[in-house]
> 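Mind looking over this structure? Questions follow.
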Protein chains: 2
Amino acid sequence: MSTKNKILDAAESLFADKGFNGTSLREITSQAEVNLAAVNYHFGSKKELIKAVMSRYMNELSPRLESALTQICEKESPSLIEVFSAFIDPLLSLNEFKVNGTSNFLQLLGRGYTDSQGFLRWFLTTQYPGVIDNFIIAVQKAYPELSAEEMFWRLHFTMGTVVFTMSSSDALIDIAMSDFERELQISDVIRNVIPYVAAGVGAPMPVAPKS
Amino acid sequence: MSTKNKILDAAESLFADKGFNGTSLREITSQAEVNLAAVNYHFGSKKELIKAVMSRYMNELSPRLESALTQICEKESPSLIEVFSAFIDPLLSLNEFKVNGTSNFLQLLGRGYTDSQGFLRWFLTTQYPGVIDNFIIAVQKAYPELSAEEMFWRLHFTMGTVVFTMSSSDALIDIAMSDFERELQISDVIRNVIPYVAAGVGAPMPVAPKS
DNA sequence: AAGCAGTTTAAACAAGCGTTTAAAATAACG
DNA sequence: CGTTATTTTAAACGCTTGTTTAAACTGCTT
């Protein structure tokens with residue numbers, strides 16, 4: 001395994017656990033068993049390392065996600081459940097690409113939205129605009145009556161639900177397993193969250209109260 | 001204004017903006033125009049300062065929230081919309097208690113859940129258990145068919161939606177105002193999120209797929 | 001074998017962090 | 001007024017951070 005990949009792997013799991021700001025380069029290089037200076041040699045800076053960690057996932061995920069959503073759009077009248085279910089297979093495919101792939105990626109996504117004052121949000125929306133565009137088109141096709149403004153808010157709510165849930169999924173799964181005494185995996189959480197967000201996005205348009 | 005309160009005010013707005021870990025004591029004392037050592041003199045440590053900032057809000061909010069939820073529970077068959085709407089007045093009352101009260105508090109709540117590895121989650125659930133208990137009872141009364149396990153997940157999804165949305169509410173409001181060319185406030189976001197979470201929690205029980 | 005590009009290494013750098021100290025300033029009380 | 005208490009202050013503490021440096025080492029080509 002190359003030094004570069006050892007760093008990426010260590011950084012990924014530590015970032016997911018403790019956040020970007022909460023993880024030092026010394027922790028990363030120590031867990032990766034490489035020299036401290038290797039990060040700046042191979043990546044230039046910590047910020048570039050963060051981008052590299054995210055890119056490794058996004059380059060794998062983004063084409064699968066785009067094609068799955070495009071496929072949904074070709075249907076006559078897709079349901080919201082179908083739209084959101086389009087995420088399942090691409091996300092779970094990350095588990096084959098890397099151990100703990102789904103979990104780590106979604107945790108990282110959550111970190112990126114709250115750490116570092118939205119620089120990762122900028123990174124994703126500018127580097128991978130196709131995903132969010134396709135997603136909006138699919139939702140529009142499934143629920144054409146939804147106004148642009150309601151759509152805006154509900155998609156952000158959905159993002160919040162998923163990102164927050166997955167960033168603490170390990171803890172939630174532990175609690176749920178001991179409370180309800182049955183085996184649970186990340187895929188069960190995904191299956192649970194889909195009816196929730198689909199119903200949320202599909203909620204009837206409220207009667208506008210003039211502010 | 002006392003030194004203690006100057007520190008609390010400065011810490012509050014900086015914590016909301018940049019997170020707990022992302023804000024240094026030097027930034028706080030500089031904005032508060034007090035000496036650096038004043039934090040450790042009046043609060044003992046940075047961790048205690050964080051608790052003090054949160055307590056100032058929770059002591060104001062918690063009794064109002066509990067009584068609003070209790071009131072809902074007394075109804076014959078409350079709707080989920082009613083349950084979630086019970087949060088509006090207590091939350092908006094924070095704006096009279098302090099300028100930007102709602103916004104800052106909900107942002108802080110979001111920070112606390114992602115920063116600092118859940119120490120604030122511990123703080124809230126142990127120090128203010130009445131709020132979450134009353135909330136669960138109200139939801140149970142509004143949707144008795146919901147199984148305990150579904151309830152568990154959907155309440156966490158809801159927590160994620162609200163906390164995540166509010167922690168980035170300023171950025172979202174800015175985007176929405178420029179995109180849709182109209183004035184928006186934090187209260188509009190709250191009014192928007194309620195139909196979403198109510199529909200999410202109220203989603204029909206899925207037909208259990210044996211894992 | 002010599003030279004060279006690519007990589008790794010230990011050491012140091014300046015800057016920022018939370019916290020502590022002891023002296024100076026202020027307030028409170030007999 | 002004089003004497004305690006309380007609060008504020010400047011300075012330093014030890015430690016961690018991301019980054020840089022220059023020397024050592026590696027594997028490959030000529």
Side-chain angles (χ1 to χ4, degrees), chain A residues 1-56 107-108 111-123, chain B residues 1-56 108 111-112 114-123:
Chain A
M1 169 115 63
S2 70
T3 299
K4 216 165 167 173
N5 278 326
K6 281 198 278 186
I7 294 176
L8 282 172
D9 286 346
E12 176 186 310
S13 74
L14 285 168
F15 282 156
D17 263 14
K18 323 170 57 163
F20 300 118
N21 298 329
T23 306
S24 71
L25 294 185
R26 281 168 178 81
E27 289 179 277
I28 294 170
T29 53
S30 161
Q31 172 157 328
E33 293 178 306
V34 302
N35 188 272
L36 166 63
V39 170
N40 290 279
Y41 176 77
H42 285 286
F43 298 94
S45 69
K46 185 180 179 181
K47 205 163 209 167
E48 290 298 322
L49 172 62
I50 296 174
K51 286 192 199 174
V53 169
M54 294 308 295
S55 293
R56 196 163 57 147
Q107 278 184 262
L108 289 170
R111 295 295 186 186
Y113 262 74
T114 49
D115 280 19
S116 66
Q117 280 167 294
F119 120 81
L120 198 67
R121 166 187 273 151
W122 164 87
F123 172 70
Chain B
M1 170 116 63
S2 71
T3 299
K4 216 166 167 172
N5 277 326
K6 282 197 279 187
I7 294 176
L8 282 172
D9 287 346
E12 176 185 309
S13 74
L14 285 168
F15 283 156
D17 264 12
K18 323 170 57 163
F20 300 116
N21 299 329
T23 305
S24 71
L25 293 184
R26 283 167 177 82
E27 289 178 279
I28 294 170
T29 54
S30 161
Q31 172 157 329
E33 293 178 307
V34 301
N35 188 273
L36 166 63
V39 170
N40 290 279
Y41 176 76
H42 286 286
F43 297 95
S45 69
K46 186 180 180 181
K47 205 163 209 167
E48 289 298 322
L49 172 61
I50 296 174
K51 285 191 199 175
V53 168
M54 294 307 295
S55 293
R56 197 163 56 147
L108 290 169
R111 296 295 185 186
T114 48
D115 281 17
S116 65
Q117 283 165 291
F119 120 81
L120 197 67
R121 166 186 273 152
W122 164 87
F123 173 70

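Note that this is a predicted model, so its numbers are computed, not measured. Only heavy atoms go into these numbers, but all of them, side chains included; no hydrogens, no water, no symmetry mates. Residue numbers begin at 1 in each chain, while the letters A, B, ... track the order of the sequences.
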> Please list residues of residues 1-10 of chain A whose heavy atoms come under 4.0 Å from any atom in DNA chain C, ordered by number; otherwise none.
A:Thr3
> When you compare the side chain of A:Asn5 with that of A:Leu8, does any pair of heavy atoms fall below 4.5 Å?
yes
> For a 4.0 angstrom threshold against heavy atoms of chain B, report the outermost contacting nucleotides of DNA chain D in 5' to 3' order.
D:dT6 to D:dA12
> Return the minimal non-hydrogen interatomic distance between B:Ala37 and B:Asn35, and the atom names on each side.
N-OD1, 2.9 Å
> Using a heavy-atom distance cut-off of less than 4.0 Å, which residues of residues 30-41 of chain B contact DNA chain D?
B:Asn35, B:Ala37, B:Tyr41
> To the nearest 0.5 Å, tell me how far B:Thr3 OG1 sits from B:Lys6 NZ.
5.0 Å
> Starting at CE of B:Met1, measure out to CG of B:Asp9 and round the result to the nearest 0.5 Å.
5.0 Å
> Could you tell me which non-hydrogen atom of B:Gln31 sits nearest to which non-hydrogen atom of B:Ser13, and how far apart they are?
NE2-OG, 3.2 Å
> Tell me, what's DNA chain C's dot-bracket, Watson-Crick or G-U with both distances under 3.5 Å, | for other-strand, [ ] crossing?
||||||.||||||||||||||||.||||.|
> Return a table of donor-acceptor pairs under 3.5 angstrom between the side chains of residues 39-48 of chain A and protein atoms on other chains or two or more places apart.
residue, atom, partner, partner atom, Å
A:Ser45, OG, A:Glu48, N, 3.3
A:Lys46, NZ, A:Phe20, O, 3.0
A:Lys46, NZ, A:Thr23, O, 2.7

> Just how far is it from atom CD of B:Glu27 to atom NZ of B:Lys18, taken to the nearest 0.5 Å?
3.5 Å
> Please write out each protein N/O paired with an N/O of nucleotides 13-17 of chain C under 3.5 Å, distance rounded to 0.1 Å.
residue, atom, partner, partner atom, Å
C:dC17, OP1, B:Ser24, OG, 3.0

> Got a second to check how far A:Glu12's CD is from A:Ile50's CD1, nearest 0.5 Å?
13.0 Å
> In the structure I gave you, are the side-chain heavy atoms of A:Leu36 and A:Ile28 within less than 4.5 Å of one another anywhere?
no
> Measuring to OP1 and OP2 of C:dG6, would you say a side-chain N or O of A:His42 lies under 4.0 angstrom away?
no
